[in-house]
Each structure stands twice: as C-alpha cells, then as structure tokens.
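Since the structure comes first, as structure tokens, the remarks are kept for the end.
As the structure is a computational prediction, the values presented were derived from the model and not from experiment. The figures that follow rest on heavy atoms only: side chains count, while hydrogens, waters and symmetry mates do not.
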Amino acid sequence: MKTNEIEELFAKYYNDAMLYTLSLTKNSKLAEEIVSNSFFKAIKTIDYKIQKFKPWLIKVCRNEYLIHLRKYKRLTVLDETVKDDGQSVVDKVIKDEEYRALYNAMSLLNPSQKEVLTLFYFENIPIKDIASITNKNENVIKVTLYRARESLKNLLKEII
C-alpha cells in the first residue's frame, strides 16, 4: 500500500476510530495508543478484498481494546467536559446538561447496548457491519439496539 493511500485512510478515519475507542476506554491517551496500534495492524493485515475499511478498522480497535482489558483489567473515567465556544452561556449550560444526562444514561446501560448505540448513532455504522464487528447476528444487533433505545429513553426520563 502506498504512503499517500495510508495517509488518506488515516485522515479520513482517525476521528471515527478515536471517538469509538474513546467511548470504550474513557481515557484519551489510551484511546490514542489503541487507535495508532489498530491503524498499524489494520494497514499491515489489510486484504484488498475488504470493501469497507472503516468497519474493519473499528473491529481492529475493538479487538485491541479487548486485548488491553485482558492485560490490565481496569477502566478509567472519561472527562465529561464538552467545549463549544460559539454559543451563549445559557445555551452552553443547557447543552452541557443534555450531554451530561446522555453520558450518564449511557454509562448505566450494559456494555453491549452501549457499544451498539455508539457504533450505530455516533459512528454511523450500518447494522450489518456492527454485526461483523461484534461477531453477532444482525437480528441480535437489531434487538440489542431496540432494547438499548428503550432503556436509554427510560433512563433519560428519570434523569431529566
């Protein structure tokens, strides 16, 4: 693979991989390490038959995270601050509270529900690819997504 192709893939998918990995690790330095290792492994082992690089990269990131968990068996807390300078103070406070409520509600979901919601809504990955990433059946992913949305809706009603 040529250097410019690798740079294009990195520029195109780094933020998506970082967001997904950050949602798992809740630690930006660990997420950066996992993403860079994952890019290296994904590029090194890429088969030109792979049609979609993003789901492949996300799967490699997930596997790297699971390897890390097995190795260290600990989690850290994600910094909850969200910066958006283009808003009024009142709008910013309201938006911060909404993000905090969403983050708190998602943290109460079971890990599989949280993972499926993150992949589907924040990473915009189709159900078929999520099934491939998580090694689960598409119907299982659909049911998990439905139950996660219902749980999240009920949790948000309680929090807000």
Distance-only donor-acceptor hits, side chain of residues 112-125, under 3.5 Å, sequence neighbours excluded:
residue, atom, partner, partner atom, Å
S112, OG, N110, OD1, 2.8
E115, OE2, Y20, OH, 2.7
E115, OE2, R62, NE, 2.6
T118, OG1, K114, O, 2.8
Y121, OH, R149, NH1, 2.9
E123, OE2, Y20, N, 3.0

Inter-residue atom distance M18.CE - S23.OG, 0.5 Å rounding: 11.0 Å

Any Y13 side-chain heavy atom under 4.5 Å of E8 side chain: no

Sequence-distant partners of K29, salt bridge (Lys or Arg N to Asp or Glu O under 4.0 Å), two or more places apart: none

Set of residues satisfying side chain to side chain contact (heavy atoms under 4.5 Å, CB included) with respect to E33, sequence neighbours excluded: N37

Do L155 and L109 have side chains that get closer than 4.5 Å, going by heavy atoms? yes

For the atom pair OG1 (T144) and NZ (K142), what is the distance rounded to the nearest 0.5 Å? 12.0 Å

Indicate the atoms forming the closest heavy-atom contact of C61 with S38, along with that distance. CA-OG, 3.2 Å

Are I34 and L66 linked, directly or through other ILVMFWY residues, by side chains that come within less than 4.5 angstrom of each other? yes

Salt bridge (Lys or Arg N to Asp or Glu O under 4.0 Å) partners for K41, two or more places apart: E64

For A31 and T25, which heavy atoms make the closest approach, and how far apart are they? CB-OG1, 3.6 Å

Hits for ring-ring contact (aromatic ring centres under 6.0 Å, His included) against F39, two or more places apart or cross-chain, chain-then-number order -> F10

Kindly give the heavy-atom pair with the smallest separation between L57 and A42, and that separation in Å. CD1-CB, 4.1 Å

Please assess K153 against E150 for the test salt bridge (Lys or Arg N to Asp or Glu O under 4.0 Å), listing each intermediate value before the final yes or no. CA-CA 5 Å; K153 181 172 67 172; E150 290 298 310; 3.6 Å; yes

Per-pair distances, 0.1 Å, donor-acceptor, side chain in residues 131-140, under 3.5 Å, sequence neighbours excluded:
residue, atom, partner, partner atom, Å
T134, OG1, I130, O, 2.8
N135, OD1, K59, NZ, 3.1
N137, OD1, N139, N, 2.7

How many angstroms lie between OH in Y14 and CG in L19, if you round to the nearest 0.5 Å? 11.5 Å

Say whether I67 and L30 are linked into one hydrophobic cluster, either directly or through other cluster members, by side-chain heavy-atom distances under 4.5 angstrom. no

